[in-house]
Amino acid sequence: MTDVTKSGSKSRKFAPLGIIFALLGLLLFAYTVRKAGVSQILVGIQRLGIAFFLIISISAIRLAVRSLAWIKCFEAPHQLRFRDAFAARIMGDALGNIIPLASMAVSEPSKAAFVRHRVPLMAGLSALAIENIFYSLSVVLFIFSGTTALLLTFPLPKALRYAAMGTLVGVAVVATIGYLVIQKRWRFLSGVLVFLSNRTTSRSWIERATERTKNLEERIYGFYDRNRRYFLRIFALELCFHCAGVLEIYTTLSFISDTLAPTIFTAFILESVNRVINVVFKFVPLRTGVDEAGTGMLAKVLGFTTTIGVTLAIVRKARDIFWMAVGVTLMVRRGLSLRAA
């Protein structure tokens, strides 16, 4: 059995579980929307109106800065054009949103595959892995600062307070592990494959994967040694991603909220919690239901109504669907089916 066949069979095994999570998300979505009030949500969406395209423009900035960060993670002689990186990111994110339970496993490697007509696959993968490390560090900083601000500024219900404290602990643990992995240069991916190779009879595909993984790890740690002068630039681009997210929420609330004027601070907290939802519930397609319920609850704590929070989450979902449609269109223009991609 080939590696592709094995991958396909594993994907089919996960498909029923993905469908279950999707259905549960839809049920939670329906319950949350009904409780918040369908008519009030529609009124909020009408207030936004054509300004939705302003939201799309701001979200395009987020895609652009991460594409630029990816480009800066390539090493000579390999270079990637911005339009190729931008298109690959849109297509890869679209795949991650379409395929349940496979967002990271499918979305990230596919971006490198979409540009392998421009750069070698391994070069694209290693640059993407490096960019994701910088992005993860920025997410840790953003979530930690936003959650801390939430705990220190607003009186929280017991459940939400415990969730916020748990988030801080989780972020601290992840940050510590990430620091040790980079500082000690632990080659845990290839190490796991070597461990499996010593305990299985079909070693051929594991040995090939081990060699490729060692090459990938060497590229990542080599970049750390050779390009430290670029670190601040790349990290600044990742921070711009989060700043654009705050601006997007602030702009959306400015149109849909008729009870309380938004501030950059409340938008910052809402975006930091949105990052938590994106990380924790990555396995739920488009975070359906979870985003609406979580944002609605937090919006009420911040002084808005639950309806405003649910409307905000729905606008975000419409934004994701827009870019997902663009990604699918780009794949179709390349002559790719979903299965081929």
Side-chain angles (χ1 to χ4, degrees), residues 25-59 61-62 142-143 145-161 163-164 167 241-281 284-323:
L26 286 172
L27 289 173
L28 180 58
F29 176 83
Y31 171 79
T32 304
V33 168
R34 183 178 179 182
K35 188 175 180 181
V38 177
S39 59
Q40 294 96 318
I41 291 172
L42 290 175
V43 169
I45 293 175
Q46 287 173 353
R47 287 197 204 99
L48 180 63
I50 199 170
F52 176 69
F53 291 102
L54 177 59
I55 305 303
I56 294 297
S57 299
I58 297 173
S59 65
I61 296 174
R62 308 180 79 189
F142 192 74
I143 289 177
S145 55
T147 306
T148 302
L150 177 64
L151 280 169
L152 295 178
T153 309
F154 295 92
L156 303 178
K158 185 180 292 186
L160 191 56
R161 185 169 68 252
T167 298
F241 171 88
H242 301 296
C243 290
V246 173
L247 177 61
E248 182 184 318
I249 288 181
Y250 177 82
T251 305
T252 305
L253 289 175
S254 297
F255 284 96
I256 69 175
S257 177
D258 60 344
T259 58
L260 180 68
T263 64
I264 294 296
F265 183 66
T266 54
F268 164 66
I269 291 178
L270 280 163
E271 175 61 14
S272 65
V273 172
N274 179 241
R275 287 298 97 202
V276 177
I277 293 173
N278 272 269
V279 171
V280 176
F281 296 98
V284 179
L286 290 172
R287 278 73 62 197
T288 303
V290 180
D291 194 8
E292 286 72 21
T295 307
M297 184 187 306
L298 180 61
K300 189 173 182 180
V301 170
L302 298 179
F304 300 96
T305 63
T306 301
T307 303
I308 294 300
V310 174
T311 306
L312 172 62
I314 290 175
V315 171
R316 277 200 301 249
K317 191 163 277 69
R319 172 208 67 194
D320 289 340
I321 292 173
F322 172 87
W323 286 114

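- Residues Ile264 and Val246 share a closest heavy-atom pair of O-CG1, 3.9 Å.
- In terms of the side-chain hydrogen bond (donor to acceptor under 3.5 Å, both in side chains) criterion, residue partners of Ser59 (sequence neighbours excluded) are, by chain and number, Trp323.
- Between Phe142 and Phe268, the ring planes lie perpendicular to each other; the angle is over 60°, past the 30° to 60° tilted range.
- Annotation for Ile61 and Ala244: closest pair CG2-CB, 4.2 Å, computed over non-hydrogen atoms.
- Each of Leu27, Thr32, Val33 was evaluated against Phe29; a single residue qualifies, Val33, per the side-chain contact (heavy atoms from CB on, under 4.5 Å) test.
- In this structure the side chain of Leu312 never reaches within 4.5 angstrom of the side chain of Ile308, judged on heavy atoms.
- Taking both residues in full, the closest heavy atoms of Val301 and Pro157 are given as CG2-CD, 3.9 Å, listed atom of the first, atom of the second, then distance.
- Among all heavy-atom pairs drawn from Gly294 and Ile277, the shortest one is CA-CD1, 4.4 Å.
- Here CG of Leu260 is found 9.0 Å from CG of Leu302. Values are rounded to the nearest 0.5 Å.
- Atom-to-atom distance recorded for Ile269:CD1 and Leu150:CG is 5.5 Å, nearest 0.5 angstrom.
- Note that CZ of Phe154 and CG of Leu298 are 8.5 Å apart. Values are rounded to the nearest 0.5 Å.
- Residue pairs meeting the side-chain hydrogen bond (donor to acceptor under 3.5 Å, both in side chains) criterion with at least one partner in residues 263-274, sequence neighbours excluded, are Arg62-Glu271, Thr263-Thr266, Glu271-Arg275, Asn274-Asn278.
- Rounding to the nearest 0.5 angstrom, the gap separating the CG atom in Leu48 from the CZ atom in Phe53 is 10.0 Å.
- No more than 12 heavy atoms of other residues, nucleotides or ligands shown are found within 6.0 angstrom of OH on Tyr31.
- In plain terms, the two heavy atoms of Thr307 and Ala36 that are nearest each other are OG1-O, 2.7 Å.
- Rounding to the nearest 0.5 angstrom, the gap separating the OG1 atom in Thr295 from the CD1 atom in Ile314 is 10.0 Å.
- The side-chain hydrogen bond (donor to acceptor under 3.5 Å, both in side chains) pairs that include a residue from residues 242-254 are Ser138-His242, Glu248-Arg319, where partners are two or more places apart or lie in different chains.
- Annotation: side-chain hydrogen bond (donor to acceptor under 3.5 Å, both in side chains) contacts involving residues 150-160, sequence neighbours excluded, are absent.
- The aromatic ring centres of Phe52 and Phe255 sit 6.0 Å or more apart.
- Between Thr311 and Leu42 the shortest side-chain heavy-atom distance does not fall below 4.5 Å.
- Judged as a salt bridge (Lys or Arg N to Asp or Glu O under 4.0 Å), the pairs with a partner in residues 44-54 (not counting sequence neighbours) are, in order, Arg47-Asp258.
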- Message: Working note: Val310 + Gln40, criterion side chain to side chain contact (heavy atoms under 4.5 Å, CB included); need CA distance, chi angles, decisive distance, verdict.
- Response: CA-CA 10 Å; Val310 174; Gln40 294 96 318; over 6 Å; no
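- Residues Ile256 and Leu253 form a side-chain contact, since some pair of their non-hydrogen atoms from C-beta on lies under 4.5 Å apart.
- Residue pairs meeting the salt bridge (Lys or Arg N to Asp or Glu O under 4.0 Å) criterion with at least one member in residues 288-312, sequence neighbours excluded, are Asp291-Arg316, Glu292-Lys317.
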